[in-house]
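Note sheet for the following structure.
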2 protein chains.
Amino acid sequence: MAVTLKEVAERAGVSRSAVSRTFTEGASVSARTRAKVEKAARELGYSPNALASSLTTGRTKLIGLVSNNFHNPIFLEVFDLFTRGLQERGLRPLLVNLSDEVDPAQSIRMLRQYSVDGVIVASSTLPPSFAEAFRDAGLPVVHSFGRYTTSPYVHVVGIDNIACGRMAAEALVARGHRRVAFLGGPPRATSTQDRERGFLEALGGYSDVEVSVTHAAAYSFDAGRAEMARLLRAPPAEAYFCGDDVLSIGALSAISDAGLRVPDDIGIIGLNDMTMARWQNIDLTTIRQPLGEIIGSSIDLVIATIEDPGRHPETRLFPCRVIERGTLRPIPR
Amino acid sequence: MAVTLKEVAERAGVSRSAVSRTFTEGASVSARTRAKVEKAARELGYSPNALASSLTTGRTKLIGLVSNNFHNPIFLEVFDLFTRGLQERGLRPLLVNLSDEVDPAQSIRMLRQYSVDGVIVASSTLPPSFAEAFRDAGLPVVHSFGRYTTSPYVHVVGIDNIACGRMAAEALVARGHRRVAFLGGPPRATSTQDRERGFLEALGGYSDVEVSVTHAAAYSFDAGRAEMARLLRAPPAEAYFCGDDVLSIGALSAISDAGLRVPDDIGIIGLNDMTMARWQNIDLTTIRQPLGEIIGSSIDLVIATIEDPGRHPETRLFPCRVIERGTLRPIPR
DNA sequence: ATTCATTTTGCAACCGGTTGCAATATTCTT
DNA sequence: AAGAATATTGCAACCGGTTGCAAAATGAAT
């Protein structure tokens with residue numbers, strides 16, 4: 001079916017090695033042979049079999065892109081950036097949908113069978129142990145959107161969720177709120193734990209501020225809406241830091257159903273700044289997570305680790321900032 | 001690094017073929033050798049190299065999943081279903097992000113280099129010629145969300161966009177609207193063309209109904225909002241069929257900004273029924289496209305075509321239906 | 001126990017490439 | 001023009017598997 005090296009060699013009247021070399025960066029071929037080979041290749045429509053060559057070179061240029069977040073709209077942006085970024089660097093994303101799977105063993109086996117050069121775990125809800133299992137299997141791995149650690153065992157790229165929690169706290173206090181709350185995602189998600197911790201930590205410094213904490217069952221609209229609806233049955237806080245934008249939008253929906261107004265009756269600040277947060281009918285004040293940088297850096301890091309497998313694990317955190325929109329009242333002056 | 005067949009063979013004290021056979025479905029191995037091999041494999045942590053075996057078997061179980069829709073939230077659902085569906089059938093999605101690329105040549109070359117077994121083009125905006133180029137390159141291909149043709153040149157799985165246009169028209173007329181309009185996506189998208197055609201066709205039967213047509217620049221919130229804002233500068237129609245849900249949501253935003261009410265002042269019906277359409281703060285009346293069926297069927301079809309490359313191209317269309325929510329007034333009775 | 005049919009097994013060639021090495025060709029010195 | 005240095009080329013082995021074929025082993029039948 002497909003044209004092979006051998007056929008090109010025969011047509012060009014050269015050895016197979018010569019053909020291989022013309023298609024290998026930096027190999028030694030004379031201009032004359034190269035021309036002959038390229039002509040033959042063009043006529044035959046030849047392009048080298050990446051998989052066959054991977055057998056000897058040990059590189060497939062395949063990167064496992066593993067995620068379990070197929071329901072949060074921000075992950076469409078994440079996949080867009082990852083696939084584009086990988087493609088630009090000549091790498092191919094082999095997408096793995098973890099759905100409800102939490103045991104890495106299966107994915108590891110599969111990704112090794114396909115000899116991926118590296119793995120990117122893109123998830124804010126998987127525990128560190130998940131990515132670590134890949135590393136233990138000898139695969140270069142980067143955990144994007146993972147948890148910050150001072151002595152990381154795998155590469156982590158993301159944001160400082162604790163600092164974000166603090167930032168949210170300061171934002172609410174600065175706006176004069178004195179009864180605030182955290183409406184977090186699932187308690188098992190490390191991102192939720194850290195955001196909560198930072199939030200409480202910062203508010204510990206304000207003795208006149210009252211804080212409470214609750215959790216939604218998932219990072220989802222429905223969960224956010226249900227939890228806010230529940231909260232509204234008792235007198236609610238003045239302002240909420242929601243664990244994530246999609247949760248915020250759910251909360252906003254519940255608030256509006258209850259006939260309350262944002263930001264006058266209740267203030268909301270989210271986290272992520274997904275595209276939808278900018279939509280004028282949502283207009284969510286939120287903490288922006290620099291997706292582009294996180295993803296670009298993740299890719300660079302996985303490449304660096306492929307080139308130097310002994311590389312020491314590192315954590316790369318990118319700064320976030322508050323994006324002012326309409327769900328939090330302005331800072332009084 | 002990785003354990004090879006040879007090492008397992010040595011440890012088990014059998015030939016390499018024996019090992020290969022124990023891992024090949026339906027090959028002839030005695031229970032005794034199989035046991036020995038499996039033991040050795042387990043001890044060594046061996047799992048066969050899928051790429052190496054693809055060299056001789058001619059199958060990689062890799063499927064190219066090609067799309068250019070990385071901004072429409074419904075495509076997150078699409079990727080979720082595709083990746084899960086493929087995984088369940090033992091196939092691996094190699095994701096290709098076309099972004100602005102419209103020339104298939106590059107993608108074709110890449111996918112052939114990786115010897116994908118088949119290709120799924122998941123896009124409602126790419127022209128039929130795009131998928132056809134894959135077929136011409138000898139790759140089994142299915143165009144999901146593609147255009148219906150009576151004599152297809154490639155497999156197409158999707159919905160009957162013309163029928164959907166008609167369905168939307170009937171829905172508006174049934175609700176007593178007499179001044180209606182189509183707010184389409186980009187005019188070059190075949191889905192837009194067909195939906196428009198069906199819409200106009202059906203309304204041709206009602207001499208007392210006034211119709212108009214405009215187009216948004218893209219299937220996006222911003223484009224829908226901008227176009228509706230423009231429309232509102234003149235007296236608008238009573239009800240709009242928007243080319244897609246995300247467009248509808250943009251339109252709703254413009255309508256609400258203008259101080260008009262839905263469905264009292266203006267009615268909206270969308271198309272897709274993406275998750276977000278159900279969100280209570282959107283509550284969009286829309287035409288549901290059966291994603292699960294379309295995607296399941298696409299996968300089955302690409303598999304069937306891999307097994308029988310001579311298979312005659314076919315079109316599979318799935319019925320859509322109107323989902324009643326809050327953006328269209330009820331049918332008067 | 002012998003013969004014959006049926007499994008099981010290993011050999012060796014092959015899939016489509018790459019690469020170390022030695023042979024050959026080319027270019028540069030003097 | 002001869003010799004040395006450098007560049008190019010082809011051979012052959014290898015990457016990690018699969019598979020047709022013939023030999024060896026097993027089992028059934030007589």
Side-chain angles (χ1 to χ4, degrees), chain A residues 1-38 40-41 44-62 92 109-117 138, chain B residues 1-38 40-41 44-62 92 109-117 138:
Chain A
M1 192 87 200
V3 185
T4 75
L5 189 88
K6 194 169 148 227
E7 302 172 53
V8 177
E10 276 161 10
R11 174 174 260 251
V14 298
S15 73
R16 288 160 58 221
S17 332
V19 179
S20 173
R21 289 188 177 110
T22 47
F23 286 97
T24 307
E25 194 76 13
S28 166
V29 219
S30 70
R32 222 154 53 84
T33 357
R34 148 156 284 140
K36 279 194 293 184
V37 170
E38 280 175 348
L44 258 34
Y46 170 78
S47 70
N49 182 324
L51 269 23
S53 80
S54 83
L55 259 192
T56 34
T57 62
R59 290 284 165 84
T60 54
K61 296 190 171 259
L62 249 25
R92 314 293 161 197
R109 187 146 35 82
M110 189 239 113
L111 290 171
R112 297 193 72 188
Q113 288 188 333
Y114 281 84
S115 317
V116 295
D117 289 346
Chain B
M1 192 87 199
V3 184
T4 75
L5 189 87
K6 195 168 146 227
E7 303 173 53
V8 177
E10 278 162 9
R11 174 174 262 250
V14 298
S15 73
R16 288 158 60 221
S17 334
V19 179
S20 174
R21 287 187 178 110
T22 50
F23 286 97
T24 308
E25 194 76 13
S28 165
V29 220
S30 71
R32 222 154 54 83
T33 359
R34 148 156 284 139
K36 278 194 294 184
V37 170
E38 280 174 347
L44 259 33
Y46 170 77
S47 72
N49 181 326
L51 269 25
S53 81
S54 83
L55 216 42
T56 35
T57 61
R59 290 285 165 82
T60 55
K61 298 189 170 258
L62 249 25
R92 314 293 161 197
R109 187 146 34 83
M110 187 239 114
L111 290 171
R112 297 193 72 188
Q113 288 187 333
Y114 280 85
S115 316
V116 295
D117 289 346

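Within every chain, numbering begins at 1; the chains are lettered A, B, ... in the order of the sequence lines, protein sequences first and strands thereafter.
- Between B:Ser15 and the phosphate of C:dG10, there is a side-chain N or O to OP1/OP2 separation shorter than 4.0 Å.
- Checking A:Ser28 against B:Phe23, the closest nucleotide of DNA chain D that is more toward the 5' end is the one next to A:Ser28.
- The side chain of B:Thr57 contributes no N or O atom lying less than 4.0 Å from OP1 or OP2 of C:dC15.
- The closest donor-acceptor contact from the side chain of A:Ser20 to the backbone of A:Arg16 lies at 3.5 Å or more, if one exists at all.
- B:Tyr46 comes within contact range of the sugar-phosphate backbone alone, with a heavy-atom separation under 4.0 Å but no base atom that close.
- Put simply, the side chain of A:Arg16 and the base of C:dG16 share no donor and acceptor less than 3.5 Å apart.
- The side chain of A:Thr56 contributes no N or O atom lying less than 4.0 Å from OP1 or OP2 of D:dC15.
- As a whole-Å value, the separation of B:Lys36 NZ from C:dT8 C1' is 12 Å.
- Heavy atoms of B:Thr4 sit under 4.0 angstrom from primed sugar atoms or phosphate atoms, though from no base atom.
- Here the side chain of A:Ser53 is nearest to one of C:dT18, D:dG17, C:dT8, namely C:dT18.
- Counting only heavy atoms from C-beta outward, the side chains of B:Thr33 and B:Thr22 never approach each other to under 4.5 Å.
- On a pure distance criterion of 3.5 Å, a polar donor-acceptor pair joins the side chain of B:Ser17 and the base of C:dC11.
- A distance-only check finds a donor-acceptor pair linking the side chain of A:Glu7 to the backbone of A:Thr4 [under 3.5 Å].
- For A:Glu7 and C:dC15, the CD to P distance is 10 Å, given to the nearest whole Å.
- Listed nucleotides D:dT9, C:dG16, C:dT19 differ in distance to A:Thr33; the shortest reach to its side chain belongs to D:dT9.
- Phosphate contact (OP1/OP2 of D:dT9, side-chain N/O of A:Ser30, threshold under 4.0 Å): present.
- Note on A:Val29: only backbone sugar-phosphate atoms sit closer than 4.0 angstrom, heavy atoms only; bases stay farther off.
- Projected onto DNA chain C by closest heavy-atom contact, A:Arg32 and A:Ser20 fall at different nucleotides, the more 5' of which corresponds to A:Ser20.
- The OH atom of A:Tyr46 sits 12.0 Å away from atom CZ of B:Arg112, with the distance rounded to the nearest 0.5 Å.
- Atom OH in B:Tyr114 sits roughly 13 Å away from atom P in C:dG17 (whole-Å rounding).
- Evaluation of atom-type donor-acceptor distances gives no pair under 3.5 Å for the side chain of B:Arg21 against the base of D:dG17.
- The CD atom of B:Gln113 lies 8.5 Å from the OG atom of A:Ser53; values are rounded to the nearest 0.5 Å.
- To the nearest angstrom, C1' of D:dT18 lies 16 Å from CD of A:Gln113.
- Side-chain to base pairing of B:Arg59 with D:dG17: no donor and acceptor N or O lie closer than 3.5 Å to each other.
- Per the geometry, CG belonging to A:Leu44 stands 14 Å off P belonging to C:dG16, to the nearest Å.
- Minimum heavy-atom separation, B:Leu51 to A:Tyr114: CD2-O, 3.2 Å.
- Atom C1' of nucleotide D:dA13 and atom NZ of B:Lys6 are separated by 12 Å, given to the nearest angstrom.
- Closest to the B:Leu55 side chain, of the nucleotides C:dG10, D:dG16, D:dG17, is D:dG16.
- Spacing between atom CG of B:Asn49 and atom C1' of C:dG17 amounts to 14 Å, rounded to whole angstrom units.
- Rounded to an integer number of Å, the gap from CZ of B:Arg34 to C1' of C:dT7 is 14 Å.
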